[in-house]
Each structure stands twice: as structure tokens, then as C-alpha cells.
Amino acid sequence: MSFKQMVRTRFAPSPTGFLHIGGARTALFSWAYARKHHGKFILRIEDTDIARSTPEAVQAILDGMAWLGLKEDEGPFYQMQRIYRYKEVIQQMLDAGSAYYCYISPEELEQMRAAQMEAGLKPRYDGTWRPEPGKELPTPPSGVQPVVRFRNPKVGDVAWDDQVKGRIVISNTELDDFIIARADGTPTYNFCVVVDDWDMGITHVIRGDDHVNNTPRQINLLHALGATVPQYAHLSMILGDDGQKLSKRHGAVSVMQYHEEGYLPEAVLNYLARLGWSHGDDEVFSMAQFCEWFDLDHITPSAAQFNTEKLRWLNAHYIKQADLGTLAADVKQRLNAMAIAVTSEQPALEDVIALYRERVHTLVELAESVAYFYRKPLIDEAAKEKHLTPDILPVLNALAAALADTEWSAEAIHAAIDHAVQSNGLKFPKVAMPLRVLITGGAQSPSIDAVMALLGKTEVLTRIGEGL
RNA sequence: GUCCCCAUCGUCUAGAGGCCUAGGACACCUCCCUUUCACGGAGGCGACCGGGGUUCGAAUCCCCGUGGGGACGCCA
């Protein structure tokens with residue numbers, strides 16, 4: 001058997017909220033697997049829950065995927081547009097006897113479940129309306145719209161070799177006849193997934209761990225339909241920084257929130273790639289490299305805790321590597337949002353960023369630390385009090401005067417400061433620190449001469465003058 | 001309650017019976033660099049959940065326990 005089937009993976013989010021970090025990782029793995037095998041990655045929006053699906057959520061997911069650069073090869077497909085197909089298959093199943101109408105009411109069901117729980121049993125439908133040879137079915141109550149249930153096998157096991165968890169075997173006695181069409185005729189999740197995966201020729205279903213329990217039902221359905229069963233790979237969940245289940249209370253769980261907080265997509269992608277998957281000791285790698293390396297064999301079956309500190313570290317790394325123009329465009333927007341204009345008379349953002357990129361972990365930090373180039377510095381009073389001591393004022397005044405006649409380069413400025421230091425028998429920081437406070441507003445900055453050179457002579461002298 | 005899954009440093013992980021006195025990364029600590037703070041460099045601290053097997057030999061295989069998690073919807 002040398003024939004190898006083309007790999008087709010899919011990401012199938014339900015549009016009931018933004019794209020969260022767990023979904024993003026599932027999408028990334030599915031996408032990478034398709035890339036690795038030169039297959040196709042399909043995006044499918046599972047919007048059959050009319051009550052909870054919203055167009056805004058659809059857009060939020062699309063935005064998140066776009067920001068990460070996870071481009072689908074096919075789709076996006078919308079399940080609501082495929083209703084005709086589901087109804088067609090349901091009718092076929094009804095005709096074939098692999099599905100049947102059930103008239104039990106939601107209230108009765110709830111009672112049944114409660115009683116079963118009470119008795120220590122697994123809650124499940126009791127099969128009242130399931131047709132059996134020689135069985136007399138109750139008379140359908142009038143005025144009740146029935147649901148359609150799948151006639152699940154009663155005996156035997158369902159098993160599959162999960163690509164991350166290994167072989168999983170479930171007894172059919174654990175499963176009940178689940179609903180495939182609601183009373184209003186709309187198909188349900190487990191059914192749509194099966195029909196879609198089948199129709200779309202999905203070969204590898206890579207999805208969250210919470211779907212493990214749905215898998216045996218879906219496999220049974222696939223068998224009833226005579227469809228090929230795909231490979232399954234169930235990814236364990238991602239926990240919050242505190243080890244708790246990820247929820248909206250944890251703050252930045254939306255992928256776009258990371259964008260807002262100043263993370264580069266490269267960093268988020270690289271971080272997510274290493275969360276649950278590994279390639280030896282490799283930590284930092286490009287997506288191209290990831291697509292080459294990615295496989296299902298090195299995915300951990302255990303849950304992973306999100307670690308923002310490591311993401312920050314990776315982000316810092318990617319900020320150092322990033323294209324200056326790209327960073328400048330982003331930082332400019334952030335400055336504008338802070339009501340700070342960047343004009344052509346002011347130092348070029350690229351130059352300023354080049355000076356600062358090695359000292360920050362996020363673009364938010366970058367924008368904030370660079371802001372004083374474009375507006376008056378916010379003076380840190382504690383730093384001012386500490387460094388701007390009365391004894392140094394005369395030295396600074398003299399230095400300001402000397403600076404006025406200094407050629408404006410970092411070297412020349414450094415020489416001027418050095419002269420002030422030497423001729424007064426001081427140490428360099430004694431002069432550099434107060435200068436730093438006056439010019440940048442704080443006690444931390446890159447080399448003060450480099451900062452001064454970039455800021456420009458006029459502005460530097462103004463700031464020294466106003467501060468003294 | 002029932003079923004399913006998981007279990008290596010604080011965190012992410014390497015590890016597929018001997019290469020393990022358990023490796024890497026983040027974080028943390030120390031030192032170096034230094035014009036402050038970072039960056040960077042060099043070190044350091046730090047883990048195989050417990051108990052039974054199997055084996056000449058187990059972090060790796062099996063069983064039990066314990067602890068976590070997930071699922072039991074006319075949600076996806």
C-alpha cells in the first residue's frame with residue numbers, strides 16, 4: 001500500500017465568543033499538520049446553535065485567525081448553509097432504520113436523568129421510542145414535534161487509536177441513542193460534525209480533549225453512514241496561569257487581547273507550538289520550521305498550564321528580531337492612542353525603537369518607554385530628588401552651556417559630559433543620572449548620550465533648562 | 001454517581017528498559033559586563049505522586065492507591 005491519501009484537517013469553532021488561546025492552539029496544530037503533509041486545512045464555522053451564535057463572534061474568530069496568519073485552504077464553511085444536506089442524510093437514516101422519531105418531552109427526560117443519577121447510574125435516554133423487532137411502540141402523542149434519535153448499537157465496543165492518547169475503548173452500553181435532529185428539525189452538533197467531516201474528506205480530526213466522549217458516538221454514526229473513520233488526535237486542555245481552568249475571569253484569554261497587550265503573532269505562535277508539543281530541546285523556531293517538524297507523536301497527553309512569563313520572554317526575543325518598520329507602524333498607533341502625535345520634525349520612530357527594542361517585553365512597554373521622545377517627559381519626583389542634588393546644579397549649568405556649542409553626535413555629547421565629569425573630579429553617573437532624569441523623566445534609559453543625540457540639541461537644552 | 005483521560009523541577013518540557021549521579025527553556029538567586037535600568041555572558045537552586053510487581057536492570061512496562069481533569073444537553 002504505497003498510496004497515500006492527501007491529508008485534510010479542519011478547525012471547527014463555534015461562533016459563540018472570541019478565538020481563545022486554546023482554540024488558537026488547536027487551529028495552529030491542525031494548520032501545521034496540513035502544511036507538513038502538503039494537505040489542506042479547512043475552516044468550518046459550527047453555527048447550528050442559533051441561540052448562541054453571533055456574526056460578531058464569527059468575525060472575532062476570523063480576525064484572530066488572520067492576525068495569527070493561519071490561513072485556511074478551503075472555507076470558511078458555515079453549517080447553517082448546509083442544513084439541506086443534514087436533512088437529506090437524516091431522512092436517509094430514518095428510511096434505513098438507523099434513526100427514529102422520539103416523542104419524549106424535555107421535562108420527562110430531565111426527570112429520567114435525575115432518577116438515574118439518584119440511583120448512581122449514568123444518565124441516558126432509556127430507549128422508549130427505539131424500534132426493535134417485535135417491539136410494540138407507544139402511540140405518538142398528538143401535537144408533539146418529535147426529535148430524531150440515532151439508533152446506537154447496543155452491544156460491542158467502539159475503539160480508536162487516538163493519535164495523542166493511545167487506544168481508547170468504550171463499551172456501547174455506555175452510550176445512548178443521542179438526538180441528531182431537534183424538535184424544530186435543526187440538526188445537532190454530533191451529527192453535523194460527522195456529516196461535514198465525511199463530506200469534506202477530513203482525514204485527521206485534531207481537536208480539544210473535551211470531545212473525547214463524543215468520539216465513540218461519532219464513530220458509530222460514521223459506521224451507520226458507511227463513511228470512513230478519520231484519525232483522531234485529542235489535545236489536552238490549556239490551564240490558566242494559576243493552574244485553573246481557562247475562563248473569561250482569567251483576563252487575556254482572547255487571542256486578540258494578546259495583540260492589544262503588545263504581543264507579536266510570531267511570539268504567540270511559537271509559544272503555543274511549544275505548549276503541549278516538543279521537538280527535543282528546541283524552544284525558538286519559525287513557523288516554517290514548525291511546519292517541517294510538527295507531528296502528532298510528540299504531543300503531550302497531559303494538560304498544560306499557560307505561562308505568561310515565558311510568552312513575554314519569547315515576545316522580547318521576537319521584538320529584537322522584528323522589522324523596524326513594522327514595529328514603528330505598530331508603536332505609532334499605540335502612541336496615537338495615548339494622544340501622542342509623531343511628527344516628521346521629531347526623532348524617527350525607527351531610530352528610537354532601535355535604541356529601545358532590547359529593553360522591552362511587549363509593544364505596549366515599547367510605546368510607553370519611548371513616549372518621552374514625543375512629548376514632555378513625566379518627571380519621576382523620587383528620582384529627581386535622588387539625583388538632582390543642589391551640588392550638581394552648577395555642573396549641569398556649565399554642561400548645558402558647553403552642549404550648546406557641541407557638535408550633535410553621541411560621541412561628541414559623551415565627550416562633553418566626560419569633560420564635565422573629569423574637570424569636577426566626579427564619577428560619570430553623578431552627572432549622567434541627573435541628566436537622565438531631566439531628559440527622560442526617569443532613572444532608567446539607554447546610554448544617555450545616545451538618547452540625547454536622538455532627541456536633538458534644541459529639545460535637550462530645553463529640557464535641561466526647564467528642569468533646573 | 002457513572003464513564004473516560006492525565007500524573008518528571010514553581011511552569012513548559014526532553015525522556016519510548018541500561019546513554020539518567022534525569023537534559024533543556026521560562027522564572028528565581030549569584031557573579032561578570034556597565035553610564036542607570038535592561039540586554040548579553042558564566043554559574044547556581046530545583047522534579048521522576050505513593051505502594052506493589054515484571055526484569056540482571058524502570059522515570060520509562062503492568063496492577064492498585066492517591067491526586068487532578070473531562071464528559072454525561074433538543075450546547076458546541
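By convention in this document, chain letters (A, B, ...) are assigned in the order of the sequence lines, proteins followed by strands, and residues within each chain are numbered from 1.
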Side chain of [X] only, please: which of [options] is the nearest?
| X | options | answer |
| --- | --- | --- |
| Leu275(A) | rC74(B), rC12(B), rG70(B) | rC12(B) |
| Asp281(A) | rC74(B), rA14(B), rU11(B) | rA14(B) |
| Glu309(A) | rC3(B), rG73(B), rA27(B) | rA27(B) |
| Pro123(A) | rA76(B), rC74(B), rG1(B) | rG1(B) |

[X] [atom1] to [N] [atom2]: how many Å, rounded?
| X | N | atom1 | atom2 | answer |
| --- | --- | --- | --- | --- |
| Gln116(A) | rU2(B) | CD | C1' | 11 Å |
| Glu283(A) | rA25(B) | CD | C1' | 4 Å |
| Phe178(A) | rA76(B) | CZ | P | 12 Å |
| Asp242(A) | rG10(B) | CG | P | 17 Å |
| Arg274(A) | rU11(B) | CZ | C1' | 12 Å |
| Asp297(A) | rA16(B) | CG | P | 14 Å |
| Phe77(A) | rA76(B) | CZ | C1' | 19 Å |
| Glu365(A) | rA38(B) | CD | C1' | 10 Å |

[N] and [M]: how far apart are their [atom1] atoms, nearest whole angstrom?
| N | M | atom1 | answer |
| --- | --- | --- | --- |
| rC12(B) | rA71(B) | C1' | 26 Å |
| rG73(B) | rG51(B) | C1' | 41 Å |
| rG15(B) | rU8(B) | C1' | 9 Å |
| rG57(B) | rC20(B) | C1' | 13 Å |
| rC6(B) | rA38(B) | C1' | 40 Å |
| rU60(B) | rG17(B) | P | 12 Å |
| rC48(B) | rC56(B) | P | 27 Å |
| rA16(B) | rA59(B) | P | 13 Å |

Detail all sub-3.5 Å separations between protein N/O atoms and N/O atoms belonging to nucleotides 4-8 of chain B.
from, atom 1, to, atom 2, distance (Å)
rC5(B), O2', Lys165(A), NZ, 2.9

Next item on the list: Report the C-alpha distance between Lys165(A) and Asp209(A) in whole Å, list the side-chain angles of each, state the deciding distance to 0.1 Å, and finish with yes or no for salt bridge (charged side-chain N to carboxylate O under 4.0 Å, His left out).
Entry: CA-CA 10 Å; Lys165(A) 293 185 184 291; Asp209(A) 187 287; 2.8 Å; yes
Check: Are Arg149(A) and Tyr125(A) in a cation-pi contact, defined as NZ or CZ under 6.0 Å from the six-membered ring centre and within 45° of the axis?
Finding: yes
Any carboxylate oxygen within less than 4.0 angstrom of a Lys/Arg side-chain nitrogen, looking at [X] and [Y]?
| X | Y | result |
| --- | --- | --- |
| Glu368(A) | Arg334(A) | no |
| Arg113(A) | Glu110(A) | no |
| Arg82(A) | Asp199(A) | yes |

Check: Which is it for Arg44(A) and Asp197(A) under the salt bridge (charged side-chain N to carboxylate O under 4.0 Å, His left out) test, yes or no, and what are the steps along the way?
Finding: CA-CA 10 Å; Arg44(A) 185 171 77 219; Asp197(A) 286 344; 3.0 Å; yes
Notebook entry, point to check: With sugar-phosphate meaning primed atoms plus P, OP1 and OP2, does Ala443(A) contact a base, only sugar-phosphate, or nothing at under 4.0 Å between heavy atoms?
Noted result: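 The residue Ala443(A) makes base contact.
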Quick check on [N]: is either OP1 or OP2 less than 4.0 Å from any side-chain nitrogen or oxygen of [X]?
| X | N | value |
| --- | --- | --- |
| Ser447(A) | rU36(B) | no |
| Arg113(A) | rG1(B) | no |
| Ser445(A) | rU36(B) | no |

Notebook entry, point to check: Is the distance between the ring centroids of Trp129(A) and Tyr103(A) less than 6.0 Å?
Noted result: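 Yes, they do, as the ring centres are separated by less than 6.0 Å.
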Margin query: Among Trp277(A), Phe11(A), Phe294(A), exactly one meets ring-ring contact (aromatic ring centres under 6.0 Å, His included) together with Phe29(A). Which residue is that?
Written below: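 Going through Trp277(A), Phe11(A), Phe294(A) one by one, the ring-ring contact (aromatic ring centres under 6.0 Å, His included) with Phe29(A) is satisfied by Phe294(A) alone.
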Notebook entry, point to check: Can you check salt bridge (charged side-chain N to carboxylate O under 4.0 Å, His left out) on Glu283(A) and Lys310(A), steps first, answer last?
Noted result: CA-CA 11 Å; Glu283(A) 295 286 351; Lys310(A) 189 164 178 181; 3.0 Å; yes
Check: Closest nucleotide of RNA chain B for Lys320(A) versus for Asp176(A): which of these residues is on the 5' side?
Finding: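 Result: Lys320(A).
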Check: Want to settle it: does Val147(A) or Gln305(A) sit nearer the 5' end of RNA chain B, counting the closest nucleotide to each?
Finding: Gln305(A)
Notebook entry, point to check: Paired with rC19(B): which nucleotide, if any, by Watson-Crick or G-U wobble criteria at under 3.5 Å for both distances?
Noted result: none
Next item on the list: Determine whether any donor atom in the side chain of Asn307(A) lies under 3.5 Å from an acceptor atom in the base of rA27(B), or the reverse, and answer yes or no.
Entry: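 There is none.
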